[in-house]
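Scroll down for the structure; my scribbles are underneath it.
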Amino acid sequence: MTRDARYDILFEPVKIGPVTAPNRFYQVPHCNGMGHRFPAALAAMRGIKAEGAWGVVCTEEVEIHPSTDISPHNEGRLWEDADIPYHAKACEAIHVHGALAGIELVHQGPASKNRLSRIPAMGPSHAAIGHTESLQARAMDKADIRALRGWYRDAALRARRAGYDIVYVYAGHDLSILQHFISRRWNQRMDEYGGSIENRARLMREVLEDTKEAVGDTCGIAVRFAVDELDGPDGITHDGDGRAVVELLADLPDLWDVNVSDWSNDSQTARFAPDEGYQDAYTSFVKEITEKPVVGVGRFNSVDAMVSRIRKGVLDLIGAARPSIADPFLPRKIEEGRIDEIRECIGCNICVTGDNFAVPIRCTQNPTMGEEWRRCWHPERIAPKTDDDPVLVIGAGPAGLECAMQFAKRGTHVTLAEATGELGGRARREAALPGLASYMRVHDYRVQHLKAQPHVEIYLESEMTPETVRELGIPHVFLATGARWRADGIGRQLRKPLDGLGAVPAYTPDDIMDGAALSGRVAVYDDDDYYMGGVLAEKLARDGCAVTLVTASPIVSPWTVETMEQHRVQARLMELGVELALNRRLVRMQSGGLRLACIHTGQEEDLEADATAMVTERIPADDLANALKGDAALNLQVIGDAFAPGHIAAAVYSGHLAARRHGEACEDMSIYRAERTQL
Ligand code: ADP
Ligand code: SF4
């Protein structure tokens with residue numbers, strides 16, 4: 001197949017100073033939890049992006065000196081010559097496919113906690129830093145500034161020696177000292193680096209000029225700049241200091257990579273920002289000012305949206321972090337006329353959690369992300385089947401669909417049986433909840449593939465029993481029968497059934513997704529801590545219920561901190577009038593409501609409620625698996641939530657792992673290659 005001529009514009013080369021990007025697909029710098037600790041894994045992951053036809057593939061932020069570290073996070077590191085070979089490995093992996101390699105050099109100034117180095121953080125002015133640590137950054141003097149410029153210059157020279165084609169001067173995400181100098185929130189200096197915007201942008205200009213002078217003859221010099229901090233006039237705004245900086249530096253860099261700050265604003269989840277260009281309102285002015293190419297992001301999944309950005313003159317290059325994570329082969333699929341095969345990002349930010357927990361990146365849609373080296377997984381290729389045995393997959397949720405799809409790709413004959421009349425399992429059910437419509441893409445991508453395969457048979461409304469499984473006579477059976485939320489209150493806070501059950505009608509998320517109509521005063525008890533409790537509170541409030549969200553946590557939906565949306569979840573619930581009963585656990589149900597207790601003092605109080613929504617924990621739906629266990633004629637494997645309830649990403653991964661490893665000599669699914677420090 002060849003590409004649609006309408007998309008030709010996306011495959012035009014773009015000159016970036018002395019180097020030329022082969023097309024307009026630009027993987028902007030993105031964190032990945034691998035950084036300096038997993039260099040082989042990192043190189044393999046970046047190489048896969050280049051193989052997928054991203055014309056430019058960039059690093060994550062790369063720390064230029066020991067005085068800037070955000071340990072335990074695993075960012076890149078280029079402190080000294082000894083770090084060069086690790087970068088050279090990534091550059092080689094990128095270059096082999098004809099892409100350009102870009103590096104985002106950073107000194108994080110007051111964003112560095114320096115837990116590793118124990119060097120006091122520094123910034124434009126004395127300032128308290130971090131949210132939960134009693135730390136301060138010290139104000140830099142002129143000698144510090146001179147030293148900092150030297151570190152940037154040395155790092156740029158090392159970056160060139162490593163093989164990078166594009167070197168970044170980075171001032172974004174509230175993570176770069178260059179941005180901190182520009183932002184009045186951080187900079188209260190009285191010297192030539194403070195005061196007017198010319199003064200506050202001086203350091204950035206100097207570093208930019210130094211970098212150009214050091215490596216600009218052979219490397220493209222990119223500026224990554226947050227044109228708006230979404231923080232009002234006290235910070236950088238796109239019609240204030242942000243615009244002024246672009247005007248001041250206009251054609252000095254070879255490329256502008258523009259976005260909004262901080263990271264939680266730049267990478268908003270689908271729940272709070274729609275796909276396709278939610279940053280346009282802030283960044284579109286940049287092209288009016290500079291002659292140099294501009295790259296921007298906005299969770300671009302649709303090819304038409306990409307083309308329209310170029311044609312309208314808003315962007316020259318289509319920037320992507322998450323779409324390139326969900327589908328490293330997105331550009332190649334467009335090039336080869338296979339756009340219906342694009343694995344679209346669902347905007348869940350599970351990818352961000354890997355970085356937050358300092359472990360390799362993972363992705364809900366792309367189970368191979370982060371596994372390219374340690375498990376040798378390729379996002380598009382899987383080994384052909386090793387025998388002609390057919391397989392039976394029971395349950396068509398995320399785990400079952402992924403398992404069936406990968407077996408289909410291996411050429412195996414697949415029978416997929418689903419009890420209900422529809423495919424998708426929890427992805428479909430949850431997609432009907434407020435803000436989660438994009439979860440349906442977990443179904444869409446897989447089902448379009450499965451339906452196109454002649455060796456796949458799909459049976460709906462086919463609840464399998466031990467008898468029907470045996471009758472079918474298919475030896476390899478993968479049970480992806482999911483899990484059900486429990487209604488008895490058992491969860492993190494309580495390990496025995498709640499006293500007084502039945503005194504108030506209790507509904508699980510499954511009941512509500514199945515259409516149970518709640519009304520009046522509803523208490524949503526969230527002991528799960530991720531999105532479900534908050535989403536149900538939102539739904540019920542929108543349905544007209546008077547909702548109180550009860551949680552033992554001091555904030556609502558606490559795990560959504562890791563997906564960078566907690567503050568938005570809490571604000572939305574408060575705006576919808578949801579009452580918050582924080583730091584509270586359930587004591588019992590009683591006539592007319594619930595008895596709660598403060599988790600700190602134990603002091604009890606009553607909450608009036610006509611109904612409760614219990615969001616606690618889930619029980620695997622493994623009756624079928626248990627009934628079949630021990631049947632010598634069957635080779636059974638339980639996968640997804642039926643094996644261990646978890647996030648959708650975990651279910652997809654489980655389905656993928658099962659299909660990928662089927663037929664291998666090694667039965668131990670947990671084995672992967674580990675990177676070891678050389679002694
Ligand atoms: P996971 O996240 O692990 O994929 P889901 O709960 O999303 O789990 O999906 C499980 C799917 O399995 C649901 O669509 C459910 O209808 C289906 N299912 C459960 N039991 C059976 C069964 N006995 N036969 C066929 N399908 C089943
Ligand atoms: Fe997109 Fe979610 Fe994958 Fe991140 S984890 S790339 S947000 S689908």
Side-chain angles (χ1 to χ4, degrees), residues 30-32 267-271 273 275 299 301 320-328 330 343-355 361-370 392-404 415-431 438-439 441-443 445-446 458-469 477-485 509-510 513-514 562-565 618-625 627-628 638-655 658:
H30 71 75
C31 293
N32 51 76
S267 295
Q268 293 187 44
T269 56
R271 218 171 140 186
D275 266 6
R299 223 170 53 248
N301 281 308
R322 291 173 292 176
S324 78
I325 294 166
D327 198 339
L330 182 150
R343 203 166 37 241
E344 292 185 329
C345 167
I346 70 168
C348 61
N349 279 3
I350 283 292
C351 46
V352 173
T353 67
D355 188 56
I361 187 168
R362 65 266 344 257
C363 169
T364 300
Q365 276 285 59
N366 175 12
T368 68
M369 179 48 54
L392 169 64
V393 178
I394 302 175
L401 288 176
E402 175 69 15
C403 184
T415 300
L416 175 61
E418 164 55 44
T420 70
E422 288 176 313
L423 303 171
R426 65 181 287 197
R428 173 183 290 278
R429 287 152 64 79
E430 293 180 17
S438 60
Y439 283 24
R441 293 174 180 173
V442 174
H443 155 280
Y445 164 69
R446 290 165 179 83
I458 300 176
Y459 296 96
L460 293 174
E461 289 172 348
S462 302
E463 178 157 5
M464 301 301 287
T465 61
E467 295 70 40
T468 52
V469 172
V477 182
F478 293 83
L479 292 128
T481 46
R484 302 289 292 176
W485 290 92
D510 292 312
M513 288 189 281
D514 285 343
E562 309 306 338
T563 51
M564 301 195 304
E565 56 191 332
R618 289 180 295 156
I619 306 174
D622 54 5
D623 292 351
L624 182 58
L628 291 170
V638 186
I639 60 174
D641 291 323
F643 185 59
H647 304 158
I648 293 178
V652 172
Y653 185 80
S654 166

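In listed order, ligands and their atoms are each counted from 1. Since this is a predicted model, take the numbers as computed values, not measurements.
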I need the single residue from Val442, Val652, Val393 that forms a side-chain contact (heavy atoms from CB on, under 4.5 Å) with Glu402. Which is it?
Val652
Side-chain ion pair, Arg484 and Asp623, N-O less than 4.0 Å:
no
When you check the side-chain N and O atoms of Thr465 and Glu463, is any donor under 3.5 Å from an acceptor?
no
Near atom 3 (Fe) of ligand 2, which protein N/O/S atoms fall under 2.8 Å?
Cys363 SG
Any donor-acceptor pair under 3.5 Å linking the side chain of Asn301 with the backbone of Cys345?
yes
When rounded to the nearest 0.5 angstrom, what distance separates CD1 in Ile325 from CG in Asn349?
9.0 Å
Look at the side chain of Thr353 and the backbone N and O of Cys351, then say whether any donor-acceptor pair between them is shorter than 3.5 Å.
no
Just verifying a value: how many Å separate His443 NE2 and Leu401 CG, rounded to the nearest 0.5 Å?
7.0 Å
Check the side chains of Thr420 and Glu422 for a donor-acceptor pair under 3.5 angstrom, ignoring hydrogens and angles.
no
Write out each pair where an N or O from ligand 1 and one from the protein are under 3.5 Å apart, with the distance.
residue	atom	partner	partner atom	Å
ligand 1	2 (O)	Asp641	OD2	2.6
ligand 1	3 (O)	Asp641	N	2.7
ligand 1	4 (O)	Pro398	N	3.1
ligand 1	4 (O)	Ala399	N	2.8
ligand 1	7 (O)	Arg426	N	2.7
ligand 1	12 (O)	Ala480	O	3.3
ligand 1	14 (O)	Glu418	OE1	2.7
ligand 1	14 (O)	Glu418	OE2	3.0
ligand 1	16 (O)	Glu418	OE2	2.6
ligand 1	23 (N)	Met464	O	3.1
ligand 1	24 (N)	Met464	N	2.9
ligand 1	26 (N)	Ala419	N	3.0

Which of the atoms in ligand 2, numbered in the order shown and given with their element, are less than 4.0 Å from a heavy-atom of Gly347?
1 (Fe), 7 (S)
When you look at Asp355 and Ile361, which way does the side chain to side chain contact (heavy atoms under 4.5 Å, CB included) test go after all the steps?
CA-CA 6 Å; Asp355 188 56; Ile361 187 168; over 6 Å; no
Does the pair Arg429 and Asp510 meet the rule for a salt bridge (Lys or Arg N to Asp or Glu O under 4.0 Å), with working shown?
CA-CA 9 Å; Arg429 287 152 64 79; Asp510 292 312; 2.9 Å; yes
